[in-house]
Amino acid sequence: MSEKVCDHHDTARRKLARRCGAALLTFIFVFLLIVLLVWAILQPKKPRFTLQDATIFNLNISAPNVISTTVQVTVNSRNPNPRIGVYYDRLDVYATYRSQQISYYTVIPPVYQGHKDVNVWSPFLYGNNVPVAPYNGIALAQDQTAGAINLLIKINGRVRWKVGSFISGRYHLHVACAAYIPIGNSKNTGIVIGSAVKYQLSQSCTVNV
């Protein structure tokens, strides 16, 4: 084979490579443009969570480093998106005090939330003789004596987004709801229900997806 024929083949291969590269770049550009347009049209927003109330059945310190808890909380979740649905693939709810978990996980079953829909959950959070740092047991006793405690209700789970017939992969969901409870003045600020006291809170939660 002559040198001229080899040069011709090399030139053809280079032209083919350039065309393939140009086609790939065009495909990537069009794909990114479509993603950007869909994002701009849909304007996806995170679900909004609100802690409506907390009912204290039991919050006892049996030892400086042991806490028992029975609390029922009411949380609502609103999907603000007019074109996007949300699949909640299991949610784990629990209570913490001063960065330490004081209740076991309570599971909310999987549920689908449609466009602009609102879901309301009222899980019970239990913790029987949960060990904590000694200074946290002392701090809780002091807060009860002072007349108010600060709990943090946390919700961890996974969500998927639904747009038309398309369903996304799973994303981690982390929700934190601060609960300032004036427990020392229960008869003045809460609703007494038998041996429990219900406190209206209506506090917005922080949401990370």
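Judged as a ring pair (Phe, Tyr, Trp, His ring centres under 6.0 Å), and not counting sequence neighbours, the contacts of Y105 are Y94.
For the ring-ring contact (aromatic ring centres under 6.0 Å, His included) condition, the pairs that include at least one residue of residues 47-76, sequence neighbours left out, are F57-F124.
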*Take N79 and Q113 through the test side-chain hydrogen bond (donor to acceptor under 3.5 Å, both in side chains) and record every step on the way to the result.*
CA-CA 7 Å; N79 176 10; Q113 189 176 62; 4.8 Å; no
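For A139 against R98, the heavy-atom pair with the smallest separation is CB-NE, 3.3 Å.
With Y126 contributing its side chain and T106 its backbone, the two residues share no donor-acceptor pair below 3.5 Å. Side-chain atoms of K162 come within 3.5 Å of backbone N or O of G164 as a donor-acceptor pair. With hydrogens and angles ignored, the 3.5 Å screen pairs a side-chain donor or acceptor of K116 with a backbone N or O of P80.
For Y112, the OH atom is densely surrounded, since the number of other residues' heavy atoms within 6.0 Å is greater than 12.
I102 places a side-chain heavy atom less than 4.5 Å from the side chain of V132.
The only option from V86, V207, D89, N156 that meets the side-chain contact (heavy atoms from CB on, under 4.5 Å) definition with L173 turns out to be V207. For the pairing with L51, the side-chain contact (heavy atoms from CB on, under 4.5 Å) check across N76, V75, V175, T74 returns one residue only, V75.
Interatomic distance, Q142 CD to I61 CD1, rounded to the nearest 0.5 Å: 9.5 Å.
No side-chain donor-acceptor contact under 3.5 Å links Y88 and N119.
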